[in-house]
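Below: the structure, in structure tokens.
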Amino acid sequence: MRFQYCNEMKTGYVALVLCLNISVDPPDVIKISPCARMECWIDPFSMAPQKALETIGKSLSIQYERWQPKARYKVQLDPTVDEVKKLCNTCRKHAKSERVLFHYNGHGVPKPTANGEIWLFNKSYTQYIPLPISDLDSWLRTPSIYVFDCSAAGMIVNAFLELPDWSASGPAGSVSNCILLAACEAHETLPQSDEFPADVFTSCLTTPIKMALKWFYRRSLLCDSLDYSLIDKIPGRQNDRKTLLGELNWIFTAVTDTIAWNVLPRDLFQKLFRQDLLVASLFRNFLLAERIMRSANCSPISHPMLPPTHQHHMWDAWDMAAEICLSQLPSMVEDPNSEFQPSPFFTEQLTAFEVWLDHGSEHKKPPEQLPIVLQVLLSQSHRFRALVLLGRFLDMGLWAVDLALSVGIFPYVLKLLQTTTPELRQILVFIWTKILALDKSCQVDLVKDGGHTYFIRFLDSLEAYPEQRAMAAFVLAVIVDGHRRGQEACIEAGLIHVCLTHLRGSVPIDAQTEPLFLQWLCLCLGKLWEDFPEAQMLGLQADAPAIYAPLLLVPQPEVRASAAFALATLLDVGGDVCRDGVHGDDECDDDEKVRAEVSIIRSLLSVVSDGSPLVRAEVAVALARFAFGHKQHLKSIAASYWKPQSNSLLNSLPSLVHIKSPGSGYINPNHYVPHASIVSSQIGPLTRVGSDNPSVVRDGRVSTSSPLTTAGIMHGSPLSDDSSQHSNSGILNDIVSNGAVNHSRPKPLDNALYSQCVLAMCTLAKDPSPRIASLGRSVLSIIGIEQVVTKSVNSAGSSGRPRPGDPKTSSPYPSVAGMTRSSSWFDMNAGHLPFRTPPVSPPPVSPPRPSYLTGMRRVCSLDFRPHLMNFPDSGLADPLLGSVSSSGSTERSLLPQSTIYKWSCGHFSKPLLTVPDDTEEILVRREEREKYALEHIATCQRSSGSNLKKRTAYLDTKFETGTKTALLQPFSPIVVAADENERIRQAIRKIQHVFYLNSVGVQQEDFGVWNYEEANLLNGFDNHDFPDKGISKLCLVNELDDSLLLVASCDGNIRIWKDYTVYGKQKLVTAFSSIQGHKPGVRSLNAVVDWQQQSGYLYASGEISSIMLWDLDKEQLIHSIPSSSDCSVSAMSASEVHGGQFAAGFVDGSVKLYDVRIREMLVCASRPHTENVVRVVGIGFQPGLDPGKIVSASQAGDMQFLDMRNLMNPYLTIKAHRGSLTALSVHRHAPIIASGSAKQIIKLFSLNGEQLDSITYHLTIMGQKISPVSCLTFHPYQVLLAAGATDATFSIYADDNTQAR
């Protein structure tokens, strides 16, 4: 725990030693007249000396008992040395390890000596006998606290500090547990004025309210109108806050706590004001003693030493509260039944705290009212307001939670869980969510006090909103996380039934279901039965696998990953839960275990190629657990497929296409409307980002099409064959005992399932995400075939030596980055397109995380807002890969660990109730870009494009194989280009590169980004380390915001980067494989990809018989559209106007128009290209709002103009080139079409087929001919044409108007 309340100390014994020797003045004291006489508010001369001594001793004991009634009190009156020794030894003997308080009143003996000795008496009271401090210290030992009320008390403190144990360097343990309070400095004498009692120091420590009021009375205007004697008649009790005396004591406690917390170091405040009730009371009262005695030129001292506090401004607040209360005193004494008017002190202090919340921050001075807020929690009348303000404060960040814990919030909010007040439930759950997001160790005290039942009841309450119940599920997940007693207590309270009931009723997800609630239900149960066999069996008996399986298909990646985590934790049942089954436990039936395990594995295999790295990481962890228990059978299956002459294990394993998920077929996404959606045609603001950057996710504006009527499950994976589906022939063969694996009498599952698992492991090991690939290789290493996948990568990478400082080597795969969805210029709907990427290695403590929440609309009327997360760049820990021995003896602790739980916890560490500070700035920037786009679109629409041949930029990219693809950024003069073979000339290694291009300073790189106005190379980096891939397409995601670079490789792998224009700062946002289920025997997929910003869809195809439709907001494959053709797709274009509509050109010259918003999806088909070479090279939608007007160009050089919805045949055909057409580009808004040829010519056409111009030669002095054209692309909002050539040159052309602007 951050502040260990479990280390509370108790003062068990109190020794009171009074050396008064009444009626005999010590020889070194000369008293004035009148002189201070009162001892414990008793005049010792008002009765016989012995009786007075006994009365004073008894009164002092009673005064101390008010502060610690459970302590044992021993009083010695005018004692001898032997009596004090006996007293001290008795106290220490009975107190044991508890603290002992030693109070010494030396008003009747001489001052302490220069050596620090205190004076006592002989038996006949004829002599003063000195007692060395060293003897006193040896008798009482520690822990102890001393109070010395005598003149020159500083002498005693100095003597303590000179003791051997105290003077040694470094704070010894015994010394740190010894506390000293002394009435004055070594050279000072106690005040003798009759304004004060003789024991003014003791009076301040034991009767602070009375002392403070009497001192204040003489200095206020009330002295003229209020009878001084009334102060002794204040009605009420100190522990009753509804009475005058009780409220004064309450305010005094709040004021002194506030002063101490604001001036003391946090650890010292904890020690003096939070560990021991009696010590805390004495130090609060010590602050008063300093204030009062300094007015008499006397300075109380302490060890540990405190800074001066007598002039702290909070004393003014106390004086005002005291004056208000005293003004009521006459009427209340006169009429005991008169109503007491509470002081406005706490209301005013709460208002001050609220003002701080409106303007304060982590970088400003902490709110000094925080201890007062803590005291207000004791009052029912102020409690709700105080809790709401406290919740706002805790929401400001982990630093705020840390401060609140340091002030002592924990025991207060723990006790409040015993209340049944309905209005406090929501804010209490929120506060506990914030506390546990910082300090997991509070789980012990929560369970000890039965607090878990409070949250289970709240979780099961239908009156609470899902966002709030998600917090309760989070709290319960923390309670059971690695805490066996918490797991047992929650099982006894029925948590499994509650969670499964809500999960069962939540699928399919509708608009009222909060994804965060489902996510934390899954995580809570996963943590509940993690490494807990009894809980796992209860989960299986409740049919948990069948309840979780549909959650693997929901739109939210966090929910899918959490469901995979929960299923993975159930897998341990095969290895641990039923190891006692051989003894005849009926509940551990082998067939039941096998059926459960097969069901879990089949469910997880269905999402092995999920679009979200979060989900794939959890599947990899689950497969590692499965492999740990079945490694011998998995090894044998892999060996039966693996042949030494084979190039890859993947060639001989069955395809994942044959794996079906439970509930096969396609799900209806109409059931999965995002929580924030207002109507079915909108995607509400979803956020899902991670970054090591403190910036926040930006609202985007995205218009989406109507919901699809059918959608595919991830990868469209089917169920396995029936033989494996019904297998019940065995159980897990590896029984884990004390970390060792026992392979005796293995009972294998069906071989087909093992084959599918091995294939899934290989797929993960070659995952486009480096972290997932690392996890996949670790899973393969468990079954001993890691080298099958990693050899080609390592050998390819070993031949080249990276250059120091090269961005490719400095940060090839940086940590998680954020992504938000921007939109086309005319879109008015709000939304985001974020991604999340998990760390493979265990994340740091309490990692922040993103959220997809859109608003905590019903809690405090404030909003949730997403924030970014931070994760290390490192992959899987090396021991995980290197410590697996060939003998099969693997430590269970070395298995890959899930990250989804800790990653998800980070959400609650970030502010949930406030709007990010820079939101307004982001909106302003977006509005500026929208205005810019609208203005330039109008200009483009008026442009004729007749003189688009003035070259404004010329770049030598140094690409070895020419420029394969390129794009122009819409709002900055930046061009991104890539080559075809992705080779680095110096490294002699085939690597995919990305660069920001400027025309000077270009190094020998293969993927670049330049500023074409300043001609500077901005950045260059490797897209990945796999060889022989090549880049297929570059796209910009979120062009109106901080755009992201989508890089599609020829193998169908998609990688999305952020910060790609900043040298060496690029970050990989997400990566996945967009093409699945390719045709047998196909060696190259030749992926064709296009991105549609408006809908958030990514369309992908290639050497496959279908077109994959990915929703990047959901990170999920939602359709696998049959291409209805024996030929593969060779060109594709998504509509910029109509979301869900795209056109595809095929190898056989046919063209098809698709619209995923309609059931048939295929709108129409045509075959306009009939030449001998009929491959469609380029295709694009004509600018404008007409949904069916398309331009298509074939390799033969003919260009076809089609109106697909009205005419099956082209309405215009032109022969653009005589063969060798290599590129086609249609401007998004201007009526211009550009085509390029390998015969070194670029032609420009109007939408009517009229040739506007041609580019054959460079307009330079030399007038050399342009190189063979390899790619063409237009600027989105300007009449700019970028052309890449096979000789690695790159040119940008503009018309006269654009060049002038």
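None of these values were measured; they are calculated from a predicted model.
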Discussion item. Could you check whether any side-chain heavy atom of Phe532 comes within less than 4.5 Å of a side-chain heavy atom of Val480, counting everything from C-beta outward?
Written reply: no
Item to complete: Over 60° means perpendicular and under 30° means parallel, so classify the ring planes of Trp399 and Phe393, tilted if in between.
Response: perpendicular
Practice prompt. Please answer whether the main-chain N or O of Lys1065 pairs with a side-chain N or O of Lys1067 as donor and acceptor at a distance below 3.5 Å.
Written response: yes
Fill in: Considering all heavy atoms, the nearest Gln369-Ala352 contact
NE2-CB, 3.5 Å
Worksheet entry | Cation-pi check, Lys527 onto Tyr901 ring (under 6.0 Å, within 45° of axis) | yes
Worksheet item: So, does Gln487 use its side chain to make a donor-acceptor pair with the main chain of Leu528 at under 3.5 Å?
Response: yes
Worksheet entry | Pro770 backbone acceptor or donor facing Ser774 side chain under 3.5 Å | no
Practice prompt. Mark yes when over 12 heavy atoms from residues, nucleotides or ligands other than Glu362 sit less than 6.0 Å from its CD; otherwise mark no.
Written response: yes
Worksheet item: How long is the span from the OG1 atom in Thr501 to the CD1 atom in Ile496, to the nearest 0.5 Å?
Response: 11.0 Å
Worksheet item: Do Ile435 and Val475 come within less than 4.5 Å of each other through their side chains, counting heavy atoms only?
Response: no
Worksheet entry | Student check: side-chain heavy atoms of Val559 and Leu516 closer than 4.5 Å | no
Discussion item. Counting C-beta onward and ignoring hydrogens, is there a side-chain heavy-atom pair between Phe517 and Gln468 closer than 4.5 Å?
Written reply: no
Practice prompt. Keeping the roles fixed (side chain from Asp439, backbone from Ser441), state whether a donor-acceptor pair exists under 3.5 Å.
Written response: yes
Worksheet, complete the sentence: Output for pair (Thr453 OG1, Leu417 CG), nearest 0.5 Å, gives 8.5 Å
Item to complete: Would you name the heavy atoms of Leu912 and Phe430 that are closest together and state the gap between them?
Response: CD1-CE1, 4.0 Å
Worksheet item: Hey, does the side chain of Gln1116 reach the backbone of Val554 with a donor-acceptor pair shorter than 3.5 angstrom?
Response: yes
Response to the item:
Here the gap from Leu525 atom CG to Tyr548 atom OH, rounded to the nearest 0.5 Å, amounts to 3.5 Å
Worksheet item: If every non-hydrogen atom of Ala472 is compared with every non-hydrogen atom of Val429, which pair is closest and at what distance?
Response: N-CG1, 3.7 Å
Item to complete: Begin with the C-alpha distance, continue with both residues' side-chain angles, and end with the deciding distance and a verdict on salt bridge (charged side-chain N to carboxylate O under 4.0 Å, His left out) for Lys1058 and Asp1042.
Response: CA-CA 8 Å; Lys1058 75 170 292 187; Asp1042 293 331; over 6 Å; no
Practice prompt. Kindly indicate, with the supporting measurements, whether the criterion side-chain contact (heavy atoms from CB on, under 4.5 Å) is fulfilled by Leu387 and Leu416.
Written response: CA-CA 10 Å; Leu387 285 174; Leu416 284 176; 4.0 Å; yes
Discussion item. Is the ring pair Phe908/Trp520 parallel, tilted or perpendicular, if the boundaries are 30 and 60 degrees?
Written reply: tilted
Item to complete: Output, in order, the C-alpha distance, side-chain angles, deciding distance and verdict of side-chain contact (heavy atoms from CB on, under 4.5 Å) for Val373 and Leu389.
Response: CA-CA 9 Å; Val373 175; Leu389 295 178; 5.6 Å; no
Worksheet item: Atom CZ of Arg560 and atom NZ of Lys1114: how far apart are they, to the nearest 0.5 Å?
Response: 9.5 Å
Item to complete: Could you tell me whether the side chain of Arg469 and the main chain of Asp460 form a donor-acceptor pair under 3.5 Å?
Response: no
Discussion item. Please check: side-chain N/O of Arg383 versus main-chain N/O of Leu377, any donor-acceptor pairing under 3.5 Å?
Written reply: yes
Item to complete: Check whether any side-chain heavy atom of Gln519 lies under 4.5 Å from a side-chain heavy atom of Leu523, and answer yes or no.
Response: yes
Worksheet item: How long is the gap from CG on Asp257 to CZ on Phe273, to the nearest 0.5 Å?
Response: 6.5 Å
Worksheet entry | Cation-pi check, Arg274 onto Phe269 ring (under 6.0 Å, within 45° of axis) | no
Worksheet item: So do the side chains of Glu354 and Arg385 get within less than 4.5 Å of each other, counting heavy atoms only?
Response: yes
Worksheet item: Just by distance, do the side chain of Asn262 and the backbone of Thr258 share a donor-acceptor pair under 3.5 Å?
Response: yes
Worksheet entry | Chi angles and distances behind the ring pair (Phe, Tyr, Trp, His ring centres under 6.0 Å) call for Phe474, His907 | CA-CA 10 Å; Phe474 163 75; His907 164 67; 8.9 Å; no
Practice prompt. Might you work through the side-chain contact (heavy atoms from CB on, under 4.5 Å) test for Phe565 and Val621, ending with a clear yes or no?
Written response: CA-CA 8 Å; Phe565 165 74; Val621 171; over 6 Å; no
Item to complete: Determine, step by step, whether Phe410 and Trp432 satisfy the ring pair (Phe, Tyr, Trp, His ring centres under 6.0 Å) criterion, reporting the C-alpha distance in whole Å, the side-chain angles of both residues, the deciding distance to 0.1 Å, and the verdict.
Response: CA-CA 9 Å; Phe410 181 80; Trp432 272 106; 5.6 Å; yes
Practice prompt. Look at the side chain of Glu488 and the backbone N and O of Arg485, then say whether any donor-acceptor pair between them is shorter than 3.5 Å.
Written response: no
Item to complete: Verify, without hydrogens or angle tests, whether Thr569 (side chain) and Ala566 (backbone) share a donor-acceptor contact under 3.5 angstrom.
Response: yes
Discussion item. Apply side-chain contact (heavy atoms from CB on, under 4.5 Å) to residues Trp261 and Glu368 and explain how you reach the verdict.
Written reply: CA-CA 8 Å; Trp261 187 75; Glu368 63 180 23; 5.6 Å; no
Worksheet entry | Check: Leu614 and Glu1115 side chains under 4.5 Å, non-hydrogen atoms | no
Discussion item. Is the shortest side-chain heavy-atom distance between Phe458 and Gln426 below 4.5 Å?
Written reply: yes
Discussion item. So, taking the atom named CE in Met396 and the one named OG1 in Thr914, what distance separates them when rounded to the nearest 0.5 Å?
Written reply: 8.0 Å
Worksheet item: In terms of heavy-atom contacts, does CD of Glu463 have more than 12 from other residues, nucleotides or ligands at under 6.0 Å?
Response: no
Discussion item. Please determine whether a side-chain nitrogen of the Lys or Arg among Asp358 and Arg392 lies less than 4.0 Å from a carboxylate oxygen of the Asp or Glu.
Written reply: yes
Discussion item. Tell me the closest heavy-atom pair linking Ser406 and Arg266, and the distance in Å.
Written reply: OG-CD, 3.5 Å
Worksheet item: Any idea which heavy atoms bring Gln536 and Trp529 closest together, and the distance?
Response: NE2-O, 2.9 Å
Worksheet item: Taking all atoms of both residues into account, what is the closest heavy-atom pair of Ala620 and Leu775, and its distance?
Response: CB-CB, 3.9 Å
